[in-house]
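A quick write-up on the structure given underneath.
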Amino acid sequence: VKVLGAILLFLLTTFVAGVLAPLCVEDLRELLPKWSVCLVRWAAQMMPVEHQERCADEWEAHLNDIPGQLTKLGWAIGAVLGAPKVARELRGLPTGSMDMVRCFLAAVMAGALALVRVMVRGSAQQSTETPSTPEGGQLPKPAQVVPIGQAVDDTAVVQEASARLARLLALERAAEAQTQRARAQLARNQAITADLNRALWGLSSSDRLDQAQGALDAELAALRRLGAGDDER
Amino acid sequence: MTVQTMAVLKVLLTKPREPRYGLDIAKETGLKSGTLYPALARLEHAGWIEGSWEQVDASEKGRPRRRYYRLTAEGAVSARRVLEEATRRFSLDWTPTPGLPGAGGLQV
């Protein structure tokens, strides 16, 4: 019985190894690429609508260039697992876990601050409410009595305020002049950029990059000179 | 701009007239697809690179069409500027610590 069992086991093993395994391998060889493509298309479906078609085609081409069926399947599984992160990136949302934690904390803090602001405003309104008459009209404010000695102090305060105002006006004038200079510089830069763009697009495509390189080198040299001048100053 | 995006720009700048496709760029930069393709999408959206589909018949060629990317003229200028600036900043910031021969340190 033992010998018969051993022979049967041997025959079974030989059948499995010789007939079934090659069939399975052949089936897998046919199925694996299809599974990989399906997985990639599934990953592309998770993208924003405007990117779905492009991602599906582009990733399928990428998948096709990867050697080995198992490697392809691995890449496709990776695409599915990474798809939510890519989708968040394409939507311009934070992707890292720390970023998400920061966003959550920022949202919580913003909510807490808004709540505090509402509470403070509410209490301030309650404290500054003007008393009203039973008919609904507002009571007149009591006249303020200013002592005679305080008039001298008020004059000093006014003088100090005038001096501060003069200083502020001088600062404002200086800031205005600086802004004007910056605007003039910006206009010059924009004119240079526009000239550069016109020159670039006017040339043939083969010459554009050479021209751009030359212009960039000149611009960088000018920037370095400016930087050196700033350092000296 | 992230270092990964700069790596993509650097690869595209090495042969600016030659269009490159995703796997090609991924091999040269060593970036994973999940990083590479969003970066390419962002750069294309910003107008630094332009993407175009390969003009082949997929059934004839026996493979899906690829999407090729190349720098635009404006993108090439901007990319060079960004890389030049990054290199300049790096070389300025990273200087050896005085008094320690052979040792490097970040001077703040």
Side-chain angles (χ1 to χ4, degrees), chain A residues 37 40 43-44 47-48 50-51 53-67 75-76 78-92 95 193 196-197 199-217 219-221 223-224 227 231, chain B residues 2 4-5 12-19 21-27 31-42 44-47 50-54 56 58 61-85 87-89 92:
Chain A
V37 170
V40 163
M47 299 300 116
E50 65 271 20
H51 291 278
E53 194 180 343
R54 199 193 78 173
C55 286
D57 289 353
E58 194 169 17
W59 292 353
E60 212 176 310
H62 188 125
L63 182 77
N64 185 71
D65 290 333
I66 296 173
W75 190 85
V80 171
L81 292 177
K85 178 175 172 280
V86 176
R88 279 200 299 273
E89 277 206 50
L90 288 176
R91 287 189 179 102
T95 53
T193 309
L196 188 62
N197 280 335
L200 284 173
W201 287 108
L203 291 170
S204 65
S205 61
S206 60
D207 289 332
R208 274 182 207 153
L209 291 170
D210 296 337
Q211 182 70 20
Q213 176 65 55
L216 177 62
D217 289 342
E219 199 174 340
L220 283 171
L223 281 172
R224 283 201 189 97
D231 289 345
Chain B
T2 62
Q4 288 86 353
T5 310
L12 292 172
L13 265 178
T14 47
K15 290 176 186 171
R17 287 168 196 160
E18 188 180 312
Y21 66 102
L23 184 66
D24 188 21
I25 301 170
K27 275 181 185 169
L31 293 177
K32 291 186 177 175
S33 317
T35 310
L36 174 68
Y37 286 110
L40 287 172
R42 278 197 303 271
E44 192 176 2
H45 182 70
E50 55 187 1
S52 56
W53 289 107
E54 191 182 16
V56 293
K61 199 91 174 175
R63 62 170 174 78
R65 59 190 179 148
R66 293 170 178 164
R67 188 167 176 79
Y68 283 102
Y69 295 96
R70 60 188 299 173
L71 283 164
T72 59
E74 188 187 338
V77 174
S78 307
R80 281 188 192 281
R81 187 175 299 167
V82 164
L83 291 174
E84 187 85 23
E85 179 72 13
T87 311
R88 191 177 64 82
R89 284 192 178 181
L92 279 179

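All values below were derived from every heavy atom in this structure, side-chain atoms included, with hydrogens, water molecules and symmetry-related copies excluded. By convention in this document, chain letters (A, B, ...) are assigned in the order of the sequence lines, proteins followed by strands, and residues within each chain are numbered from 1.
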Which atom pair, heavy atoms only, marks the closest approach of B:Pro38 to A:Val86? CG-CG1, 3.6 Å

As an exercise, state the distance from CG of A:Leu223 to CD of B:Glu85, rounded to the nearest 0.5 Å. 8.5 Å

With rounding to the nearest 0.5 angstrom, report the CD to CZ distance, A:Glu60 to B:Arg65. 10.5 Å

Determine the minimum heavy-atom distance between B:Ala26 and A:His62, stating which atoms define it. CB-CE1, 4.5 Å

Any side-chain heavy-atom pair of A:Leu216 and B:Glu84 under 4.5 Å: no

Flag the pair B:Arg80 and A:Glu219 as a salt bridge only when some basic side-chain nitrogen lies within less than 4.0 angstrom of an acidic carboxylate oxygen. no

Can you tell me which portion of A:Arg54 sits under 4.5 Å from chain B's heavy atoms? Options are side chain, backbone, both or neither. both

Just give me the residue among A:Leu90, A:Leu220, A:Ile66 that pairs up with chain B most often, heavy atom to heavy atom, under 4.5 Å. A:Leu220

Proximal component of A:Asn64, with respect to chain B [non-hydrogen, under 4.5 Å]: side chain

